[in-house]
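Here is the structure we will look at.
Every heavy atom of this structure was used, including side-chain atoms; hydrogens, water molecules and symmetry mates were not.
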Amino acid sequence: MAGAIPYEEQRRRQVEENKRKLEELRLHHLSAAVREAAAKPSPAKSLKRKSRAQGEAGQDVPLRRSGRVASLPEQPKYRYEDSLAFEKKPRSTRKDLTNRVYATDEARDYTITKAEELQDKLGSDYPIFVKPMTQSHVTGGFWLGLPTQFCRKYLPKRDERIILVDEEDDESETLYLALKRGLSAGWRGFAIDHKLVDGDCLVFQLIERTKFKVYIIRESSYYE
């Protein structure tokens, strides 16, 4: 047992010495690799320096192209100034009012009076109201706001399709917006198809839950 202790101690020292030499050897190779990498120029930096040198010399730098697009024709190169020609010009938001024709006060009063007379003649069997036309109803925005009290009392509480039936029983579909209390999509087509103009006056008669009979008093009738 006494002889085994010096042997184990010698073996332990030998193992430690081997580990120390191994660590020194690894550090030596690692240090050499770092020095070699630092001395070798980076491919990316070399390419950048090469590109910069070619640019200073006034030469075009060739573009890298994959094999998939190599056979395609070269695309033209545009300068910044050339690209400005393709920019979209901003659209003017100003509406052209030169072609609008406004009704006279006399013609407007005439159509309203005639519409009210028709309203009385139609009676009270169905809910009814009179709506004079202005430019916002028949040009531009084509939005038709309806009387608030009428909407609250008779029309749906949510958005729904409403049918307009003219005096020849032709039907047109419109969209009623409950929160805004007016006719949106479809009203434009009705206004254009029936050639409505500023000064006309319409009588709306609710003949079903979502269907109006519409009577038109023309502004032009004042001059006839």
Side-chain angles (χ1 to χ4, degrees), residues 85-224:
F86 295 96
E87 290 184 359
K88 226 174 160 182
K89 294 182 179 180
R91 272 170 47 180
S92 174
T93 57
R94 180 181 178 276
K95 294 181 180 178
D96 185 9
L97 307 180
T98 57
N99 294 325
R100 286 186 171 180
V101 178
Y102 293 87
T104 63
D105 292 339
E106 294 78 11
R108 199 182 302 278
D109 291 340
Y110 172 81
T111 57
I112 293 175
T113 300
K114 289 298 183 181
E116 291 173 346
E117 291 176 358
L118 177 60
Q119 180 181 16
D120 293 338
K121 186 183 298 184
L122 292 172
S124 58
D125 293 340
Y126 299 99
I128 194 170
F129 67 88
V130 170
K131 184 67 178 181
M133 295 292 100
T134 64
Q135 290 291 355
S136 63
H137 302 143
V138 297
T139 60
F142 289 97
W143 164 257
L144 185 69
L146 305 182
T148 300
Q149 293 302 323
F150 187 95
C151 294
R152 287 177 177 172
K153 190 172 182 179
Y154 300 109
L155 296 185
K157 305 304 180 186
R158 57 186 179 85
D159 297 355
E160 284 196 40
R161 296 289 176 179
I162 285 186
I163 303 298
L164 304 181
V165 184
D166 63 17
E167 294 164 279
E168 297 180 356
D169 291 331
D170 292 331
E171 297 185 352
S172 300
E173 189 178 81
T174 64
L175 176 63
Y176 171 68
L177 301 181
L179 291 179
K180 295 185 177 181
R181 300 187 180 93
L183 301 183
S184 179
W187 168 251
R188 180 179 185 275
F190 181 88
I192 293 175
D193 291 344
H194 292 81
K195 298 180 172 59
L196 299 182
V197 299
D198 178 56
D200 289 347
C201 194
L202 277 55
V203 179
F204 287 81
Q205 186 181 41
L206 189 63
I207 57 177
E208 294 180 18
R209 177 179 171 273
T210 57
K211 181 180 289 189
F212 278 108
K213 182 74 174 182
V214 182
Y215 301 89
I216 303 172
I217 309 298
R218 302 284 182 182
E219 177 265 350
S220 59
S221 64
Y222 171 72
Y223 303 99
E224 295 175 356

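- Using a 4.5 Å heavy-atom cutoff, the side chains of Met133 and Leu144 are in contact.
- For Arg218, the side-chain hydrogen bond (donor to acceptor under 3.5 Å, both in side chains) criterion is met by no residue, not counting sequence neighbours.
- Under the 4.5 Å side-chain criterion, counting only non-hydrogen atoms from C-beta, Leu183 is not in contact with Leu175.
- Listed by first and then second residue, the side-chain hydrogen bond (donor to acceptor under 3.5 Å, both in side chains) pairs involving residues 117-135 are Thr134-Ser136, Thr134-His137, Gln135-Thr139 (not counting sequence neighbours).
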field: side chain to side chain contact (heavy atoms under 4.5 Å, CB included) between Val101 and Val197, worked out
entry: CA-CA 8 Å; Val101 178; Val197 299; over 6 Å; no
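- By the 4.5 Å heavy-atom criterion applied to side chains, Ile217 and Leu202 are not counted as neighbours.
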Table please: side-chain donor-acceptor pairs of residues 149-165 below 3.5 Å, with sequence neighbours left out.
from: Lys157; atom 1: NZ; to: Arg152; atom 2: O; distance (Å): 2.5
from: Asp159; atom 1: OD1; to: Ala178; atom 2: N; distance (Å): 2.8
from: Glu160; atom 1: OE1; to: Arg209; atom 2: NH1; distance (Å): 3.0
from: Glu160; atom 1: OE2; to: Arg209; atom 2: NH2; distance (Å): 2.6

task: Begin from the C-alpha positions of Lys114 and Asp109 and carry the test salt bridge (charged side-chain N to carboxylate O under 4.0 Å, His left out) through to its verdict.
output: CA-CA 9 Å; Lys114 289 298 183 181; Asp109 291 340; over 6 Å; no
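- Every ring-ring contact (aromatic ring centres under 6.0 Å, His included) that Phe204 has, sequence neighbours left out, goes to Phe129, Phe212.
- Residues Asp169 and Lys213 meet the side-chain proximity criterion, which asks for heavy atoms closer than 4.5 Å.
- When each of Val214, Leu118, Leu122 is tested with Gln205 by the rule side-chain contact (heavy atoms from CB on, under 4.5 Å), just one qualifies, namely Leu122.
- Sorted by first and then second residue, the side-chain hydrogen bond (donor to acceptor under 3.5 Å, both in side chains) pairs involving residues 185-203 (not counting sequence neighbours) are Arg108-Asp198, Asp166-His194.
- For Tyr215, there are no ring-ring contact (aromatic ring centres under 6.0 Å, His included) partners, not counting sequence neighbours.
- Nearest heavy atom pair, residue Gly199 against residue Thr111, reads O-OG1, 2.8 Å.
- When all heavy atoms are compared, the tightest approach of Leu177 to Ser184 is CD1-CB, 3.8 Å.
- Among residues two or more places apart in sequence or in another chain, the side-chain hydrogen bond (donor to acceptor under 3.5 Å, both in side chains) test is passed with Glu171 by Lys211.
- Contact check for Cys201 versus Val130: side-chain heavy atoms found under the 4.5 Å cut-off.
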